[in-house]
Amino acid sequence: MKKLFFLLALSLTTIPTFSQDSTFQEMLDYSRPGKYHQLLADLVGNWSFEGSRFDWVDSVTSKAGMKLAGSLVRKPFANGRFFIAELTTAAKIQLPIQDGKMTEDYAKGLQTEGYDNVKKKFQLSYINNHIGSDITFWEGLYNSTTKTISFFSEMENVPGMKLKIRFDFVFIDKNHYQWNYFMEQNGKYIKDTEMNFIRIK
């Protein structure tokens with residue numbers, strides 16, 4: 001019993017007192033939102049969108065196909081360190097559910113957005129109720145000239161069928177922005193989807 005109490009006391013004395021450590025202060029400082037978080041903070045609110053899915057013609061061209069429309073709500077989390085965006089289509093579609101069945105409902109997507117001050121990269125995670133059982137993770141860099149974050153990720157909705165994706169998040173102004181999705185085909189990124197967002201005032 002004495003040995004147990006000795007080990008417990010020893011473990012308590014070895015717990016680092018981060019509040020008195022400069023490392024903890026550095027951790028706090030790296031956790032603070034900054035100018036890149038503000039890019040996303042400026043887009044908090046309610047949005048409508050219109051867009052298109054594209055039909056791939058060949059390895060280098062595409063043409064507009066299915067039309068898209070709906071709404072998006074973006075909210076801050078943790079005092080602007082992260083943001084949560086929830087997208088809903090205006091029209092219902094067929095969605096896969098258990099036991100090989102289908103149901104009709106609105107397509108929805110949920111993503112978390114943020115900027116990693118340590119990696120110096122934007123980060124994004126995404127789930128939806130349409131295609132895929134994964135949580136897709138993206139990392140991207142911001143180009144101040146084009147006002148675009150280019151995210152890159154890889155998708156595998158069917159075993160062994162991997163597809164590289166580029167997602168361009170284009171900042172236009174505080175009332176407009178654009179999403180462009182590109183799929184890699186034969187070493188080139190071909191536009192798959194374009195979505196244009198307008199703030200609902």
Side-chain angles (χ1 to χ4, degrees), residues 35-37 39-40 42-43 47-72 74 82-91 93-96 107-198:
K35 65 177 183 179
Y36 292 116
H37 297 83
L39 288 172
L40 298 171
D42 289 340
L43 301 183
W47 300 81
S48 64
F49 70 85
E50 292 183 350
S52 297
R53 291 290 306 274
F54 290 85
D55 295 325
W56 292 7
V57 179
D58 54 40
S59 62
V60 294
T61 62
S62 58
K63 63 179 181 178
M66 183 178 69
K67 296 296 182 181
L68 302 171
S71 61
L72 179 142
R74 179 175 284 101
F82 305 98
F83 300 87
I84 299 172
E86 185 170 2
L87 178 147
T88 305
T89 58
I93 63 172
Q94 291 292 314
L95 302 171
K108 295 184 178 182
L110 182 69
Q111 65 187 38
T112 56
E113 306 164 344
Y115 181 80
D116 188 324
N117 290 322
V118 177
K119 290 185 176 181
K120 300 187 185 310
K121 290 182 179 181
F122 281 88
Q123 295 185 323
L124 186 149
S125 66
Y126 177 76
I127 57 174
N128 72 83
N129 67 341
H130 184 211
I131 297 294
S133 60
D134 65 323
I135 300 175
T136 306
F137 296 98
W138 310 71
E139 284 192 332
L141 297 173
Y142 178 64
N143 184 321
S144 59
T145 301
T146 61
K147 296 183 178 180
T148 300
I149 307 171
S150 290
F151 289 96
F152 292 88
S153 186
E154 189 173 69
M155 181 171 63
E156 187 177 11
N157 292 325
V158 176
M161 187 182 294
K162 295 183 179 181
L163 187 62
K164 292 182 179 180
I165 318 164
R166 191 181 93 215
F167 166 34
D168 285 353
F169 193 134
V170 185
F171 297 83
I172 300 172
D173 56 44
K174 292 188 178 182
N175 296 315
H176 303 84
Y177 69 91
Q178 186 180 78
W179 285 352
N180 294 309
Y181 291 88
F182 301 81
M183 305 294 183
E184 187 190 49
Q185 187 184 48
N186 298 326
K188 296 182 179 180
Y189 281 100
I190 309 301
K191 182 178 282 192
D192 178 80
T193 305
E194 178 181 302
M195 300 167 67
N196 296 286
F197 293 81
I198 300 176

Visitor: About how many Å separate CZ of F197 and CZ of R74, when rounded to the nearest 0.5 Å?
Guide: 7.5 Å
Visitor: Evaluate the side chain to side chain donor-acceptor pair (under 3.5 Å) criterion for residues Q178 and N196: first the C-alpha distance (whole Å), next the side-chain angles of each, then the deciding distance (0.1 Å), finally the verdict.
Guide: CA-CA 5 Å; Q178 186 180 78; N196 296 286; 2.6 Å; yes
Visitor: Could you give the distance from NZ (K67) to CZ (R53), rounded to the nearest 0.5 Å?
Guide: 13.5 Å
Visitor: Assign the ring pair W179 / F167 to parallel, tilted or perpendicular, where the plane angle (0 to 90°) is split at 30° and 60°.
Guide: perpendicular
Visitor: Which value, rounded to the nearest 0.5 Å, describes the distance between D134 atom CG and N157 atom CG?
Guide: 6.0 Å
Visitor: L40 vs Y115, test: side-chain contact (heavy atoms from CB on, under 4.5 Å). Steps then yes/no.
Guide: CA-CA 9 Å; L40 298 171; Y115 181 80; 5.8 Å; no
Visitor: Any side-chain heavy-atom pair from V170 and T146 closer than 4.5 angstrom?
Guide: no
Visitor: Would you please indicate yes or no on a ring centroid separation below 6.0 angstrom for F182 and Y189?
Guide: no
Visitor: What is the minimum heavy-atom distance between Y177 and L43, and which atoms define it?
Guide: CD2-CD1, 3.8 Å
Visitor: Grab the two heavy atoms, one from Y142 and one from I149, that are nearest each other, plus how far apart they are.
Guide: CD1-CG1, 3.8 Å
Visitor: Got E113 and F169 here, is their nearest side-chain heavy-atom distance under 4.5 Å?
Guide: yes
Visitor: Please report the C-alpha distance between L87 and K108 in whole Å, then the side-chain angles of each, then the deciding distance to 0.1 Å, and finally whether the side-chain contact (heavy atoms from CB on, under 4.5 Å) criterion is met.
Guide: CA-CA 5 Å; L87 178 147; K108 295 184 178 182; over 6 Å; no
Visitor: Compare all side-chain heavy atoms of H130 with those of L95 and state whether any distance is below 4.5 angstrom.
Guide: yes
Visitor: Is it the case that the side chain of S153 and the backbone of F137 share a donor-acceptor pair, with hydrogens and angles ignored and the cut-off at 3.5 Å?
Guide: yes
Visitor: Let me confirm one number: the CG-CE distance from L72 to M195, rounded to the nearest 0.5 Å.
Guide: 7.5 Å
Visitor: May I ask you to test the K147-I172 pair for a side-chain heavy-atom distance under 4.5 Å?
Guide: no
Visitor: When you measure from the side chain of T89 to the backbone of A91, do you find a donor-acceptor pair of N or O atoms at a distance under 3.5 Å?
Guide: yes
Visitor: Quick check for you: to the nearest 0.5 Å, what is the distance between K121 atom NZ and Y36 atom OH?
Guide: 14.0 Å
Visitor: Does one side chain, of T112 or S125, offer a donor that lies under 3.5 Å from an acceptor on the other?
Guide: yes
Visitor: A side-chain contact here means heavy atoms from C-beta on lying under 4.5 Å apart; do K164 and F152 qualify?
Guide: no
Visitor: Can you check whether M183 reaches I165 side chain to side chain, under 4.5 Å on heavy atoms?
Guide: yes
Visitor: K35: what forms a salt bridge (charged side-chain N to carboxylate O under 4.0 Å, His left out) with it, not counting sequence neighbours?
Guide: none
Visitor: Working note: H37 + N117, criterion side-chain contact (heavy atoms from CB on, under 4.5 Å); need CA distance, chi angles, decisive distance, verdict.
Guide: CA-CA 10 Å; H37 297 83; N117 290 322; 3.6 Å; yes
Visitor: Which distance, rounded to the nearest 0.5 Å, do you find between the CZ of F122 and the CZ of F151?
Guide: 7.0 Å
Visitor: Using every non-hydrogen atom in the two residues, find where A107 and I93 come nearest and quote the distance to one decimal.
Guide: CB-CD1, 3.6 Å
Visitor: Please check this pair: side chain of D168 against backbone of N180, looking for a donor-acceptor N/O pair closer than 3.5 Å.
Guide: no
Visitor: Can you establish whether the number of heavy atoms outside E50 located under 6.0 Å from its atom CD is more than 12?
Guide: no
